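This one's a predicted model, so the numbers in the text were calculated from it and none came from an experiment.
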Amino acid sequence: MASVSYEHVYKRYPGNTVISDMSAEIKDKEFVVLVGPSGSGKSTALRMLAGLEDISDGTVKIGDRVVNDVAPKDRDIAMVFQSYALYPHMTVYDNLSFGLKLRKTPKSEIDKRVREAARILGLDQLLGRKPKALSGGQRQRVALGRAIVRQPKVFLMDEPLSNLDAKLRVATRVEILKLHQRVQTTFIYVTHDQVEAMTMGDRIVVLNNGIVQQFDGPTTLYEHPINLFVAGFIGSPAMNFLNVKIGGDGTSALNGEGFQIPVPERLLSESGGQRGQDVVMGVRPEDLKDARFPGRDELPKVRVKVDVVENMGSENFVYFTFGGKIFTSRMDPRSNDIQPGQQIDVAVDTGHIHLFDPKTEKTMVSRGTPAAAVPAVARATQAP
């Protein structure tokens with residue numbers, strides 16, 4: 001087994017830098033996800049580790065070994081691609097064993113490894129079938145099995161679930177996590193789906209425009225994003241943002257056109273912001289609550305007109321316009337009577353507000369523990 005490290009890695013093409021100064025230390029047996037939008041460089045970073053892309057600058061290590069100039073076949077890695085890349089004329093057994101045969105592994109050892117991988121992935125009854133007789137999920141498991149039999153130091157996975165439907169993606173995601181627990185090997189997994197990243201990764205590398213934005217655990221990324229990009233990319237539905245001004249009249253409040261939101265003094269003092277300063281307020285959908293229910297009397301409230309309601313059964317997504325922006329609120333089933341066009345009071349959990357510098361886009365203060373309640377008389381309202 002092995003750790004992996006990127007040390008000031010660059011990938012350049014003529015007129016274009018795809019990866020810029022990437023550094024990341026991935027621990028032995030860790031499950032790390034590279035996530036970002038299309039074009040962020042995540043697949044390129046994985047392919048450089050696999051040896052499928054040359055490194056323009058910097059160093060990539062597997063364990064203590066620098067692998068910049070090592071051939072892919074000699075890096076002791078196994079890669080699972082978005083396309084299953086199975087040999088259509090071969091049975092599942094032959095697909096699983098093919099790489100070992102090329103390495104001239106003894107037949108008895110091949111059979112042992114193939115049957116063990118089939119057992120782990122539930123392919124025991126499918127070994128005699130060819131890929132065309134398998135479902136998408138079964139084909140993906142064969143692709144995983146082909147990696148398992150190699151017994152590599154590092155598993156690399158490049159969007160392996162993209163071709164599966166939503167239900168099968170969830171089921172296969174669970175299978176991959178169970179596989180990681182069983183084989184106790186380093187996994188590096190690429191996806192553009194931040195929900196996939198949050199549910200799978202021990203730690204997550206968030207990439208944008210070839211630059212590592214933040215490398216942290218899921219909870220830290222969610223509660224303490226380092227900048228506006230991470231705050232907006234991590235979380236579903238996404239964080240709501242609004243340009244506001246720190247109260248310049250001696251009050252602890254965030255002011256916008258036609259509204260004022262009282263906030264804990266702690267929020268402003270921890271941000272380091274000055275009164276009258278322009279900032280970007282960020283608030284998660286779950287921190288915008290239906291004001292009718294107990295425990296929310298002390299929170300400041302905004303009066304809004306509902307645009308759209310999505311009833312998800314276990315929760316409701318309520319969309320409304322506030323401060324000229326479309327906001328999303330995640331409310332529990334008690335709020336399933338809310339209708340489009342209705343005016344409602346939304347309670348804002350100001351103890352969980354984030355503030356960002358609009359110039360640098362860096363975080364000034366991020367979500368913390370619920371703060372001391374703001375007096376109920378200090379209500380923030382907006383005309384519908």
Side-chain angles (χ1 to χ4, degrees), residues 4 6 11 18-19 26 31-55 60 62 67 70-103 113-114 117-118 120-121 123 126 130-132 134-166 168-177 179-180 183 185-193 196-197 200-201 205 207:
V4 170
Y6 293 84
K11 177 60 182 178
V18 180
I19 295 289
I26 298 168
F31 196 122
V32 166
V33 178
L34 307 183
V35 68
S38 296
S40 61
K42 55 191 183 297
S43 289
T44 301
L46 195 75
R47 291 173 64 84
M48 286 193 293
L49 176 58
L52 303 178
E53 295 275 2
D54 292 332
I55 299 164
V60 172
I62 298 176
V67 296
V70 176
K73 66 183 179 64
D74 298 323
R75 296 195 181 197
D76 204 4
I77 54 96
M79 193 158 180
V80 180
F81 296 93
Q82 179 177 346
S83 60
Y84 313 127
L86 304 180
Y87 297 106
H89 63 288
M90 292 184 182
T91 64
V92 169
Y93 186 100
D94 291 335
N95 266 283
L96 293 175
S97 62
F98 185 71
L100 297 178
K101 288 177 181 177
L102 289 180
R103 293 184 167 202
R113 291 196 197 180
V114 167
I120 289 172
L121 294 169
L123 297 171
L126 305 177
K130 291 184 178 179
K132 66 181 180 181
L134 304 176
S135 67
Q138 289 168 337
R139 292 178 192 177
Q140 190 56 271
R141 279 188 278 155
V142 175
L144 288 169
R146 194 167 50 188
I148 292 172
V149 297
R150 294 271 308 277
Q151 297 181 349
K153 287 183 178 178
V154 183
F155 280 88
L156 307 181
M157 299 188 177
D158 191 1
E159 306 220 33
L161 308 184
S162 296
N163 292 333
L164 304 180
D165 62 48
L168 198 50
R169 262 203 314 273
V170 173
T172 310
R173 194 165 74 202
V174 172
E175 288 301 319
I176 291 174
L177 289 173
L179 173 62
H180 176 247
V183 300
T185 305
T186 308
F187 276 54
I188 303 176
Y189 186 104
V190 162
T191 182
H192 65 276
D193 185 337
E196 211 166 272
M200 298 184 78
V205 180
L207 283 158

Nearest heavy atoms of [X] and [Y], plus distance in Å:
X	Y	result
A50	P72	O-CB, 3.4 Å
V142	L96	O-CD2, 3.5 Å
I19	G41	CD1-O, 3.2 Å

Just by distance, do the side chain of [X] and the backbone of [Y] share a donor-acceptor pair under 3.5 Å?
X	Y	result
R47	E53	no
R146	N95	no
K42	P37	yes

Non-hydrogen side-chain atoms of [X] and [Y] separated by less than 4.5 Å:
X	Y	value
L46	M79	yes
I77	L49	no
L177	M200	yes

Residue list, ring pair (Phe, Tyr, Trp, His ring centres under 6.0 Å) with F187, at least two apart or on another chain: F31, F155, H180

Pairs flagged by salt bridge (charged side-chain N to carboxylate O under 4.0 Å, His left out) wherever residues 80-102 is involved - sequence neighbours left out: D94-K101

Side-chain donor-acceptor pair present, E196, T191, cut-off under 3.5 Å: yes

V33, L144, I188 screened by side-chain contact (heavy atoms from CB on, under 4.5 Å) with M157, the one that passes: L144

